[in-house]
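One structure is given here, and the rest of the page talks about it.
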Amino acid sequence: MRWQWTSGVAAAMVLLIAVWYVVIPSNHTLQEYAEVYIEENLMQLNTHLDTTADSLQTAIDYYNHQKYREALSIFTRLARANPRIRAYEYEGLTQLQLKNYDAALVIFERMAADTELLKTGGNFTLL
């Protein structure tokens, strides 16, 4: 019984679509529809995309390939924008790799004094 009901609904939808195309003829080709859609929706991409994850991954790749100066500039920029992300910790670790011990100490002391970080048990936001 259920199979017959489903078949009936499917047949009715096919019939409805066929009638739609016969009753309401279109003077546009698929290419014209595509061009209109592109013009209305795809002329500019959204510029509010968050690239933090990509930047963080790029910096991690630099770090893993011992390109510490390149990694540091990205970690520093990301950490300044949001000290709750791992970039802040990674900035300190990169300073250690570059033997900038005083700079690393400042970062780690700032992290130790961060009461919000203490509340979360030291858990950073991954991004």
Side-chain angles (χ1 to χ4, degrees):
M1 183 73 161
R2 181 180 172 135
W3 181 82
Q4 291 173 340
W5 181 81
T6 307
S7 297
V9 170
M13 291 187 71
V14 168
L15 183 60
L16 181 63
I17 292 170
V19 169
W20 176 268
Y21 281 108
V22 171
V23 173
I24 303 174
S26 174
N27 297 329
H28 300 290
T29 65
L30 288 177
Q31 183 175 352
E32 290 171 330
Y33 281 121
E35 289 171 0
V36 168
Y37 180 81
I38 290 169
E39 186 176 317
E40 291 176 357
N41 299 292
L42 301 175
M43 293 305 290
Q44 291 186 343
L45 297 177
N46 184 356
T47 58
H48 300 291
L49 298 175
D50 184 9
T51 59
T52 302
D54 291 339
S55 296
L56 185 60
Q57 189 57 54
T58 298
I60 290 169
D61 288 342
Y62 281 142
Y63 183 95
N64 290 340
H65 288 95
Q66 298 177 352
K67 296 180 179 181
Y68 300 120
R69 295 207 184 283
E70 293 90 340
L72 181 62
S73 68
I74 297 172
F75 287 142
T76 300
R77 178 176 46 83
L78 294 173
R80 296 300 174 263
N82 182 358
R84 298 276 183 281
I85 63 172
R86 285 251 178 237
Y88 200 55
E89 176 186 5
Y90 296 159
E91 179 189 15
L93 296 174
T94 305
Q95 292 286 15
L96 287 176
Q97 290 290 353
L98 292 169
K99 301 189 183 338
N100 297 333
Y101 302 118
D102 290 337
L105 186 60
V106 168
I107 292 167
F108 294 132
E109 285 177 343
R110 196 175 303 144
M111 287 171 55
D114 186 341
T115 57
E116 288 298 314
L117 195 56
L118 290 174
K119 288 179 188 176
T120 64
N123 291 326
F124 286 90
T125 304
L126 290 177
L127 297 178

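Bear in mind that the values here come from a model prediction, so they are computed numbers and not experimental data. By convention here, the first residue in the shown sequence is residue 1.
- The shortest side-chain heavy-atom distance between F75 and I60 falls under the 4.5 Å cut-off.
- From L93, atom CG reaches atom CG of L72 across 11.0 Å, with rounding to the nearest 0.5 Å.
- Remark: S73 pairs with no residue by the side chain to side chain contact (heavy atoms under 4.5 Å, CB included) rule, at least two apart or across chains.
- The nearest pair of heavy atoms linking A71 to A59 is CB-O, 3.4 Å.
- The closest side-chain heavy-atom distance from Q57 to D61 is below 4.5 Å.
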Take T94 and Y62 through the side chain to side chain contact (heavy atoms under 4.5 Å, CB included) test and state the conclusion after the steps. CA-CA 10 Å; T94 305; Y62 281 142; over 6 Å; no

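- In this structure, the separation between OG1 on T76 and CD1 on I107 is 6.5 Å, given to the nearest 0.5 Å.
- Hydrophobic clustering (ILVMFWY, side-chain heavy atoms < 4.5 Å, transitive): V106 and Y101 are in distinct clusters.
- Here the side chains of R110 and Y88 are in contact, with some heavy-atom distance below 4.5 Å.
- Y63 and Q97 form a side-chain donor-acceptor contact under 3.5 Å, judged by distance and modelled atom types alone.
- Using a 4.0 Å cut-off between charged nitrogen and carboxylate oxygen, E91 and R80 count as a salt-bridge pair.
- Within 6.0 Å of CG on N64 lie more than 12 heavy atoms contributed by other residues, nucleotides or ligands.
- Between E89 and F108, the shortest heavy-atom distance links the atoms O-CE2, 4.1 Å.
- Following chains of ILVMFWY side-chain contacts shorter than 4.5 Å, one can reach I74 starting from L98, so the two form part of one hydrophobic cluster.
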